[in-house]
Amino acid sequence: MIKNTFLVLLGGGIGSVARYLLSYFLTKNNTTHFPWATFIANGLGCLLIGLLFGYIQKNNVQNETLKLLLITGFCGGFTTFSTFSLENIQFIQNQNYNLALLYTISSIFIGFLGVLIGFKLFN
């Protein structure tokens, strides 16, 4: 149990730092109101989790360490659903209803597409 918790902590920490760096570099010169950093992090995270899941399933990998470190930890720390939700609430509070709707629909679409593409690359 302690080892598993440490693996999730380690992967989540690395994923969170990667998310922060992505956000830092993407928002540095972003002049639009669209939250590109969160959108891209969620899309990349979905693609990565699809790749990992597809690889694990295709190769019948029974390595719990790999799953905990990369899927639960890294992808959990890297993707940003809570930030996505907060940004939508802020859009709504600012009466940017069209942007909130566009962001929600496109994020869900890119998320599903990312997981599907990642999974299909191994099956």
How far does NZ of Lys67 sit from OG1 of Thr65, to the nearest 0.5 angstrom? 10.5 Å
Distance from Leu113 atom CG to Lys120 atom NZ, nearest 0.5 Å? 12.5 Å
If I take atom CG from residue Asn88 and atom OG1 from residue Thr104, how far apart are they, to the nearest 0.5 angstrom? 3.5 Å
What I'd like to find out is whether the side chain of Ser106 reaches to under 4.5 Å of the side chain of Phe34, using heavy atoms alone. yes
Ring pair (Phe, Tyr, Trp, His ring centres under 6.0 Å) evaluation trace for Phe53 with Phe122: CA-CA 9 Å; Phe53 184 71; Phe122 284 102; over 10 Å; no
Short question: side chain of Asn59, backbone of Tyr55 - any donor-acceptor pair under 3.5 Å? yes
If you define the side chain from C-beta out and look only at heavy atoms, does anything of His33 sit under 4.5 Å from Leu99? yes
Flag yes if Ile14 and Leu9 sit in one hydrophobic cluster, no otherwise; membership is Ile, Leu, Val, Met, Phe, Trp, Tyr, and two members link when side-chain heavy atoms are under 4.5 Å apart. yes
Please give me the minimum heavy-atom distance between Gly43 and Ile110, naming the atom from each residue. CA-CG2, 4.2 Å
Side-chain cluster (under 4.5 Å, hydrophobic types only) that Ile2 belongs to, other residues: none
Student check: side-chain heavy atoms of Phe74 and Leu48 closer than 4.5 Å: yes
Let me see the working for Phe112 and Ser107 under side chain to side chain contact (heavy atoms under 4.5 Å, CB included), right down to the final yes or no. CA-CA 9 Å; Phe112 286 159; Ser107 293; over 6 Å; no
Shared ILVMFWY cluster between Phe119 and Leu44, side chains joined below 4.5 angstrom? no
Above 12 or not: heavy atoms from other molecules or residues under 6.0 Å from CG of Asn123? yes
Using modelled atom types and a 3.5 Å cut-off, is there a donor and acceptor pairing between side-chain atoms of Asn94 and backbone atoms of Asn96? no
Taking a hydrophobic cluster as the set of Ile, Leu, Val, Met, Phe, Trp and Tyr residues connected by side-chain heavy atoms closer than 4.5 Å, whether directly or through intermediates, do Ile108 and Ile40 fall within one such cluster? no
Which pair of non-hydrogen atoms, one from Ala37 and one from Leu22, has the smallest distance, and what is that distance? O-CD2, 3.9 Å
Would you indicate whether the side-chain heavy atoms of Phe39 and Phe84 approach each other to under 4.5 Å? no
Identify the two heavy atoms, one from Asn30 and one from Leu26, that lie closest to each other, and give their separation to 0.1 Å. CB-O, 3.4 Å
Supply the atom-to-atom distance Glu87 CD to Thr38 OG1, rounded to the nearest 0.5 angstrom. 3.5 Å
Which is it for Asn42 and Thr80 under the side chain to side chain contact (heavy atoms under 4.5 Å, CB included) test, yes or no, and what are the steps along the way? CA-CA 6 Å; Asn42 286 335; Thr80 54; 3.1 Å; yes
For a side chain to side chain contact (heavy atoms under 4.5 Å, CB included) check, start with the C-alpha distance between Val8 and Leu69, then their side-chain angles and the critical distance, and finish with the verdict. CA-CA 5 Å; Val8 173; Leu69 180 69; over 6 Å; no
Taking ILVMFWY side chains as joined if any heavy atoms are under 4.5 angstrom apart, and letting links pass through other members, which residues group with Val17? Tyr20, Leu21, Tyr24, Phe25
One pair to check against side chain to side chain contact (heavy atoms under 4.5 Å, CB included): Phe91 and Leu101. What are the steps and the verdict? CA-CA 9 Å; Phe91 284 145; Leu101 185 62; over 6 Å; no
Can you name the closest pair of heavy atoms from Cys75 and Leu52 and give their distance? SG-CD1, 4.2 Å
Mind checking what makes side chain to side chain contact (heavy atoms under 4.5 Å, CB included) contact with Asn29, not counting sequence neighbours? none
Where Ala41 and Arg19 come nearest, the two heavy atoms and their spacing: CB-CD, 3.6 Å
Taking atom types as modelled, find out whether Asn60 and Gln62 have a side-chain donor-acceptor pair closer than 3.5 angstrom. yes
Distance (rounded to the nearest 0.5 Å) between Ile56 CD1 and Ile49 CD1: 9.5 Å
How long is the gap from CZ on Phe78 to SG on Cys46, to the nearest 0.5 Å? 10.5 Å
